[in-house]
Amino acid sequence: MQGKILYPLNVLKDKYPDQYAEHVKKYQGREQVLKIQIPILNCLWNDVLHFTAVPPETLFANLKSTGFEVEKWLWKKWYKIPADLLESSNTIVCLYERDLRIVPDATDFYSYDPNKIEEYRKVPQVTLDYYKEKFDAGERPLLFHHIPHILYKGAIDVTGVEIIDLS
């Protein structure tokens with residue numbers, strides 16, 4: 001994090017190349033994700049900010065119940081972004097309603113509906129099964145596999161936004 005603005009990955013490439021180089025490493029071995037076209041917003045996967053409605057405490061509790069030692073993981077602080085910071089015309093949801101092993105397609109994206117936030121908070125059983133599979137294989141999982149992604153096209157000023165600290 002540099003400053004108080006969250007930028008999509010492609011914006012970091014020009015603004016903060018060192019940060020871009022660090023964050024793009026998350027996609028090593030699955031570079032095809034960076035080429036996903038996001039319908040409605042007409043942009044790429046790395047042109048948006050990625051959010052989840054699932055509280056980080058829930059994510060880490062699920063990982064711990066599978067056997068992972070999440071205390072060693074890097075993400076200890078999370079921004080709690082108020083829904084009103086997300087302009088509805090620039091926000092969509094990827095719901096992963098198909099059995100995905102690689103990348104979502106156009107049928108997985110829907111208009112964002114803040115009235116469905118409870119639906120977006122659910123961690124599907126396929127995610128819990130995936131965590132267990134990765135733990136058994138001795139591999140670190142993708143945290144948000146099959147969890148609804150709230151995608152925002154734009155930058156967000158996080159000045160004054162609540163921070164959840166899991167330290």
For [X] and [Y], work out which heavy atoms get closest and say how close.
X    : Y    : result
I92  : F109 : CD1-CD2, 3.4 Å
R121 : A53  : CG-O, 3.1 Å
P148 : K122 : CD-O, 3.9 Å
P124 : I147 : CD-CG1, 4.3 Å

Is a side-chain donor-acceptor pair under 3.5 Å present for Y27 with Q32? no

Check this for me: E69, atom CD, are more than 12 non-hydrogen atoms of other residues, nucleotides or ligands nearer than 6.0 Å? no

Kindly indicate, with the supporting measurements, whether the criterion side-chain contact (heavy atoms from CB on, under 4.5 Å) is fulfilled by Q37 and L44. CA-CA 5 Å; Q37 291 285 327; L44 295 172; 3.0 Å; yes

For the backbone of [Y] and the side chain of [X], can you confirm whether one donor and one acceptor N or O come within less than 3.5 Å of each other?
X    : Y    : result
Y130 : L142 : yes
T91  : Y152 : no
Y7   : K13  : no

When rounded to the nearest 0.5 angstrom, what is the spacing between [atom1] in [X] and [atom2] in [Y]?
X    : Y    : atom1 : atom2 : value
K77  : D165 : NZ    : CG    : 5.0 Å
W78  : T52  : CH2   : OG1   : 7.5 Å
D18  : H23  : CG    : NE2   : 11.0 Å
T66  : D129 : OG1   : CG    : 9.0 Å
E133 : E139 : CD    : CD    : 8.0 Å
L95  : Y110 : CG    : OH    : 6.0 Å

With sequence neighbours excluded, residues passing side chain to side chain contact (heavy atoms under 4.5 Å, CB included) with V161: Y79, I81, P82, L85, V158

Check the pair Y120, D113 against side-chain contact (heavy atoms from CB on, under 4.5 Å), reporting the backbone distance first and the verdict last. CA-CA 10 Å; Y120 305 152; D113 182 351; 3.7 Å; yes

Residue of the set N46, V48, L49 for which side chain to side chain contact (heavy atoms under 4.5 Å, CB included) holds with P8: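 That would be L49.
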
Out of the candidates L128, T58, V70, only one should pair with L63 under the side chain to side chain contact (heavy atoms under 4.5 Å, CB included) rule; please name it. V70

Geometric class of the H50/H149 ring pair [parallel <30°, tilted 30-60°, perpendicular >60°]: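 Perpendicular: the ring planes of H149 and H50 meet at over 60°.
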
Under the side-chain contact (heavy atoms from CB on, under 4.5 Å) criterion, do Y112 and I117 qualify, and how do the steps go? CA-CA 9 Å; Y112 171 70; I117 203 73; 4.0 Å; yes

Under the rule for ring pair (Phe, Tyr, Trp, His ring centres under 6.0 Å), what residues qualify as partners of F68, not counting sequence neighbours? W73, F135

How would you list all residue pairs meeting salt bridge (charged side-chain N to carboxylate O under 4.0 Å, His left out) that involve residues 43-68, not counting sequence neighbours?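 Passing the test, one end in residues 43-68: K64-E71.
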
When you look at Y131 and L59, which way does the side-chain contact (heavy atoms from CB on, under 4.5 Å) test go after all the steps? CA-CA 10 Å; Y131 288 169; L59 289 171; 3.8 Å; yes

Is any NZ, NE, NH1 or NH2 atom of the basic residue among K25 and E22 found under 4.0 Å from an Asp or Glu carboxylate oxygen of the other? yes

